[in-house]
*Asks:* 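Here it is: the structure, laid out below.
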Amino acid sequence: MANGILLVLSGPNLNLLGERQPEVYGHDTLDDHLAVVEAAAAAQGLDVEHVQSNHEGELVDAVHGARGRCSAILVNLGALTHYAWSVHDALAAFEGPVVEVHLSTPAAREPWRHTSVVAPVADGTIAGLGAEGYRLAVEAVATLLAR
Ligand code: CA2
């Protein structure tokens, strides 16, 4: 069962997970979340590619590189979620499913986190469930790919 490649996109500061603010983001590191994604993806016949960047343009380039090559994108854009319209436009040009994930619940936090520029171009969003959200996002991707 080969379902292709799942691109996991991680935005700014997610490389610091596990080091600070565990009360908000938990104790797991980004590598811990990726291990969850890889296990869930393998069970669905998906290979995983991961790009973490603290630079908006690199994330745009990663989405362009996924076009015509990757089956789906799982994205946690970090704080860029709230204002990176260039990534919004790039995701709009991607043909496969896009699932947005957040460890915390941005809608329950500061007002500036209440807007997501990813949400309008995502098939769905999972927020507030920590590592479980990453696992559920892979399940959602597999369900969307099977449609
Ligand atoms: O809840 C999420 O997953 C977020 O995307 C995490 C972002 C935040 O800006 C979004 O509003 C919601 C933050 C990424 C990690 O930031 C850290 C900062 C310091 C130490 C550890 C992580």
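In listed order, ligands and their atoms are each counted from 1. Residues: numbered from 1 along the sequence shown. Only a predicted model underlies this, so the values are computations on that prediction, with no experimental measurement involved.
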*Asks:* I'd like to know if Arg69 pairs up with Glu49 as an ion pair, taking the criterion as any Lys NZ or Arg NE/NH1/NH2 lying under 4.0 Å from an Asp or Glu carboxylate oxygen.
*Replies:* yes

*Asks:* Is the closest side-chain heavy-atom distance between Asp47 and Leu6 below 4.5 Å?
*Replies:* no

*Asks:* Side chains of Leu103 and Tyr134: does their closest heavy-atom pair fall under 4.5 Å?
*Replies:* yes

*Asks:* Any side-chain heavy atom of Glu100 within less than 4.5 Å of one from Ile126?
*Replies:* no

*Asks:* Given side chain to side chain contact (heavy atoms under 4.5 Å, CB included), test Leu9 with Asn76 step by step and report yes or no.
*Replies:* CA-CA 6 Å; Leu9 268 190; Asn76 183 348; over 6 Å; no

*Asks:* Got a sec, which pairs hit salt bridge (charged side-chain N to carboxylate O under 4.0 Å, His left out) with one end in residues 104-131, sequence neighbours left out?
*Replies:* Glu110-Arg113

*Asks:* Could you list, one pair per line, each nitrogen or oxygen of ligand 1 together with any protein nitrogen or oxygen closer than 3.5 Å, giving atom names and the distance rounded to 0.1 Å?
*Replies:*
unit_1   : atom_1 : unit_2 : atom_2 : d
ligand 1 : 1 (O)  : Leu103 : N      : 3.3
ligand 1 : 1 (O)  : Ser104 : N      : 2.8
ligand 1 : 1 (O)  : Ser104 : OG     : 2.5
ligand 1 : 3 (O)  : Asn76  : ND2    : 2.9
ligand 1 : 3 (O)  : Leu103 : N      : 2.8
ligand 1 : 5 (O)  : Asn76  : OD1    : 2.8
ligand 1 : 5 (O)  : His102 : ND1    : 2.9
ligand 1 : 9 (O)  : Ala79  : N      : 3.3
ligand 1 : 9 (O)  : Arg113 : NH1    : 2.9
ligand 1 : 11 (O) : His82  : NE2    : 2.7
ligand 1 : 11 (O) : Arg113 : NH1    : 2.8

